[in-house]
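What follows is a single structure, written as structure tokens, with notes after it.
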Amino acid sequence: MKWIFSEKQSRKRTTYKERGRVSSQIDQCGFGDSPPWTDSVSSHPRHHDPVHGQAMLWQPEVTYSYLMLLKDSSNNMTLEAAAGALQNLSAANWKWSSFIRSAVRKERGLPILIELLQLPQDAVVRSVATALRNMAVDPRNKELIGKYGMRRLVFLLPSSRSQSSDFTVPTISSVLSSVLELVTRNVENALALKDADGIPRVAALAKSRQYYPIKLVQTANQICVTLNNVKDTRTSLKREGWNINDFQSSALVDQTDGVEAGDRKSG
């Protein structure tokens with residue numbers, strides 16, 4: 001198979017130093033302490049007949065090729081495209097998306113995606129963050145991403161309402177959407193957000209209508225609503241000046257089963 005993405009296509013490459021030595025860090029991400037990559041998630045389907053045509057695009061086996069590109073490439077366009085492919089394959093509520101989410105975990109793809117969050121490339125980080133959001137629809141993935149990736153997601157958010165960020169509004173929105181998925185119906189991840197000093201950043205964004213688009217602000221507020229339902233994070237929210245009475249429930253952002261490339265808009 002001939003890949004259509006050439007190293008010469010990118011005007012600005014990501015250096016291997018910027019990659020943070022991803023290849024050598026994969027086994028140090030903490031996932032090695034986790035149980036074997038088998039759990040209650042549905043097993044991959046067995047093919048009784050050869051797969052042909054477009055159906056080949058969403059077979060769980062394709063995840064390995066995309067993950068190897070993410071692990072070894074230093075080309076920003078390739079990284080963005082490979083993460084975007086996994087993002088689209090894992091979007092929506094259908095059986096193949098479920099198989100893809102499981103396959104990425106079993107191929108040890110979650111630490112690869114989490115490591116890529118440290119790159120200073122806006123488009124790559126946005127694509128990876130949304131891919132992680134879709135992967136987190138799977139309960140086991142949600143647990144692992146929250147445990148090992150929450151701190152890196154929080155680091156990408158501006159630390160105050162007026163602070164200029166190294167990342168664009170769409171990328172900040174994607175990161176917030178990932179955090180929202182992680183803390184939804186998961187107390188441990190809500191506590192992980194608190195431990196990563198993420199509550200002040202999220203609360204600041206929730207009160208930043210004069211600085212950011214309304215949809216981004218609504219997503220931050222929905223995270224706060226979720227945190228307000230957890231006793232151990234409610235006090236931290238109040239300390240940051242966020243109050244449930246000031247929030248209009250009608251402004252909540254709808255949660256779906258996954259986001260495809262191009263679906264997430266900043267406002």
Side-chain angles (χ1 to χ4, degrees), residues 10-12 14 18 76-77 79-88 90-91 113-137 145 149-184 189 193 196-227 237 240-242 246-256 258-267:
S10 179
R11 295 180 181 178
K12 182 178 180 182
T14 296
E18 288 175 330
N76 295 329
M77 291 180 64
L79 295 172
E80 179 187 359
L86 292 177
Q87 170 187 333
N88 286 338
S90 58
L113 290 168
I114 290 172
E115 287 293 327
L116 288 170
L117 291 175
Q118 67 185 338
L119 294 185
Q121 305 299 332
D122 184 82
V124 175
V125 170
R126 180 166 63 252
S127 188
V128 169
T130 310
L132 285 170
R133 180 254 179 255
N134 289 353
M135 297 298 164
V137 172
I145 296 169
M150 182 68 79
R151 189 169 297 275
R152 287 188 176 170
L153 287 167
V154 167
F155 182 77
L156 300 173
L157 299 174
S159 59
S160 65
R161 280 175 282 180
S162 59
Q163 181 202 31
S164 59
S165 174
D166 293 333
F167 298 98
T168 62
V169 167
T171 298
I172 296 173
S173 295
S174 295
V175 172
L176 279 175
S177 295
S178 299
V179 172
L180 175 57
E181 180 61 44
L182 289 172
V183 300
T184 299
N189 285 347
L193 178 63
D197 295 325
I199 292 180
R201 299 191 184 212
V202 172
L205 288 170
K207 299 180 291 183
S208 62
R209 290 176 181 264
Q210 67 272 43
Y211 299 107
Y212 291 101
I214 183 63
K215 193 167 185 178
L216 184 154
V217 174
Q218 289 172 350
T219 304
N221 270 289
Q222 190 165 352
I223 295 172
C224 291
V225 169
T226 302
L227 297 177
L237 271 178
E240 298 301 325
W242 187 90
D246 299 328
F247 179 70
Q248 299 295 326
S249 60
S250 61
L252 289 177
V253 179
D254 290 336
Q255 282 291 90
T256 63
V259 179
E260 292 190 27
D263 284 353
R264 180 65 61 192
K265 298 180 181 179
S266 58

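Quick caveat: nothing in here was measured; it's all calculated off a predicted structure.
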Separation between [atom1] of [X] and [atom2] of [Y], rounded to the nearest 0.5 Å:
X	Y	atom1	atom2	answer
Leu132	Ser174	CG	OG	11.0 Å
Ile223	Leu182	CD1	CG	9.0 Å
Leu227	Asn221	CG	CG	11.0 Å
Arg133	Ile145	CZ	CD1	11.0 Å
Leu193	Arg151	CG	CZ	10.0 Å
Leu79	Gln121	CG	CD	9.0 Å

Contact summary for [X] and [Y], nearest pair of heavy atoms:
X	Y	value
Met135	Leu86	CE-O, 3.9 Å
Pro158	Ile172	CD-CD1, 4.0 Å
Tyr212	Val217	O-CG2, 3.9 Å
Val175	Leu153	CG1-O, 3.3 Å
Ile214	Arg209	CD1-NH1, 2.6 Å

Is a side-chain N or O of [X] found less than 3.5 angstrom from the main chain of [Y], in a donor-acceptor match?
X	Y	result
Arg201	Leu157	yes
Ser177	Ser173	yes
Lys207	Glu240	yes
Thr130	Ser127	no
Ser178	Ala129	yes

side-chain contact (heavy atoms from CB on, under 4.5 Å) partners of Ala85, counting only residues at least two apart: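 With neighbours one apart ignored, the set is Tyr66.
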
Only counting residues at least two apart or in another chain, list the ones meeting side-chain contact (heavy atoms from CB on, under 4.5 Å) with Ala220.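 So Ala220 forms a side-chain contact (heavy atoms from CB on, under 4.5 Å) with Leu176, Val202, Leu205, Ala206.
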
The test is side chain to side chain contact (heavy atoms under 4.5 Å, CB included); show your working for Val154 and Asp197 and say whether it passes. CA-CA 8 Å; Val154 167; Asp197 295 325; 5.6 Å; no

Minimum side-chain heavy-atom gap Leu117-Leu156 below 4.5 Å: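 Yes, close enough: below the 4.5 Å cut-off.
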
Within the structure provided, determine whether Val225 and Trp242 are in side-chain contact (heavy-atom separation under 4.5 Å).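 Yes, at least one pair of side-chain atoms sits under 4.5 Å.
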
Should the pair Asp122-Arg126 be classified as a salt bridge under the 4.0 Å nitrogen-to-oxygen rule?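 Answer for the salt bridge query: yes.
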
Applying side chain to side chain contact (heavy atoms under 4.5 Å, CB included), run through Thr184 and Gln222 and close with a yes or a no. CA-CA 10 Å; Thr184 299; Gln222 190 165 352; 6.0 Å; no

